[in-house]
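In each ligand, atom 1 is the first atom listed, and ligand 1 is the first ligand listed.
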Amino acid sequence: MNEDRARRVPLSERIYRTEAIVLSRLDYAEADRILTVYTPQRGKLRLIAKGVRRPTSRLGPHLEYFARADLMLSRGRELDTVTGAETVDAHLGLRDDLDALGHASHLAELLNRMTEDRQENEAAYDLLARSLRLLSDGVDPFAVTRHFELALLALLGYRPELYRCVGCDRELTATVNTLSHGRGGLLCPLCRADDGGSFPLSVNAQKYLRMLDRNGLSAAARLRVDEGLRNELEGALGGYIRHLTERDLHSLRVWHAIREPSVPHP
Ligand SMILES: [Zn+2]
């Protein structure tokens, strides 16, 4: 089936079709599952797939973790229901590679945690689809994952500043600069005191991040990165993302607390 058509053609008010990638699943009732999926035009959706845990289910095999599938959905009061499913890319390479599978699970969880329901972001969908394909093809999971993290931050409007100091705006030099979560980028040694909690990054770690940012994954996947640098980069991006998600969760809670008493439920 033509990929673009599958993504866009509305069939009726009640039934619609979308491509989707399964981010997470939860067993429900006797044989059902609640799925969280990511889609190109509708962002993140929660769906119910009825009877999929029965061995005879025709839907089940198309709704595996991280599988890319073409779905037929019927609108429901709370959750839309999966009425048809056909695999587009099963990412079979993930099935027998635990390391790749673990990284795929990390990408899905990040996208799940950093996005709201029903917010379209087709570029984020394409990034996930491409990254899963590369993991399934055996491309270095470290490079695929760091690229995904940095690219997703940029797509969601949180791209860290890597070239100029976020304190004094001077161009950064080849020295240990520090990554400030709160200021959203690197601080030069003179401005480091602006954020005492900022995280020192070696020259090589900064080079790697700038290369990912400028040249994308293909250049990074060819580099040999030693264990120490891997840990440093994983820690730096992980800490930055954790700060963002915790801050956003906090602001969401505050927002709910303010909103609850005055806005009546529909
Ligand atoms: Zn500075």
Query raised in the report: Does the cation-pi check pass for Arg25 over Tyr65, that is, NZ or CZ under 6.0 Å from the six-membered ring centre and within 45° of its axis?
Result: yes
Query raised in the report: Is a side-chain N or O of Arg130 found less than 3.5 angstrom from the main chain of Tyr125, in a donor-acceptor match?
Result: no
Query raised in the report: Charged N to carboxylate O below 4.0 Å: is that the case for Arg33 and Asp27?
Result: yes
Requested in this report: Quick one: pull up CG in Leu101 and CG in Leu132 and give me the separation to the nearest 0.5 Å.
Outcome: 10.0 Å
Atom pairs and distances, side-chain donor-acceptor, residues 213-224, under 3.5 Å, sequence neighbours left out:
| residue | atom | partner | partner atom | Å |
| --- | --- | --- | --- | --- |
| Asp213 | OD1 | Arg159 | NE | 3.4 |
| Asp213 | OD2 | Arg159 | NH2 | 3.0 |
| Asp213 | OD2 | Tyr163 | OH | 2.7 |

Query raised in the report: Are there any protein N/O/S atoms under 2.8 Å from the Zn ion (ligand 1), and if so, which?
Result: Cys165 SG, Cys168 SG, Cys188 SG, Cys191 SG
Query raised in the report: Between Glu116 and Lys44, is the closest basic N to carboxylate O distance under 4.0 Å?
Result: no
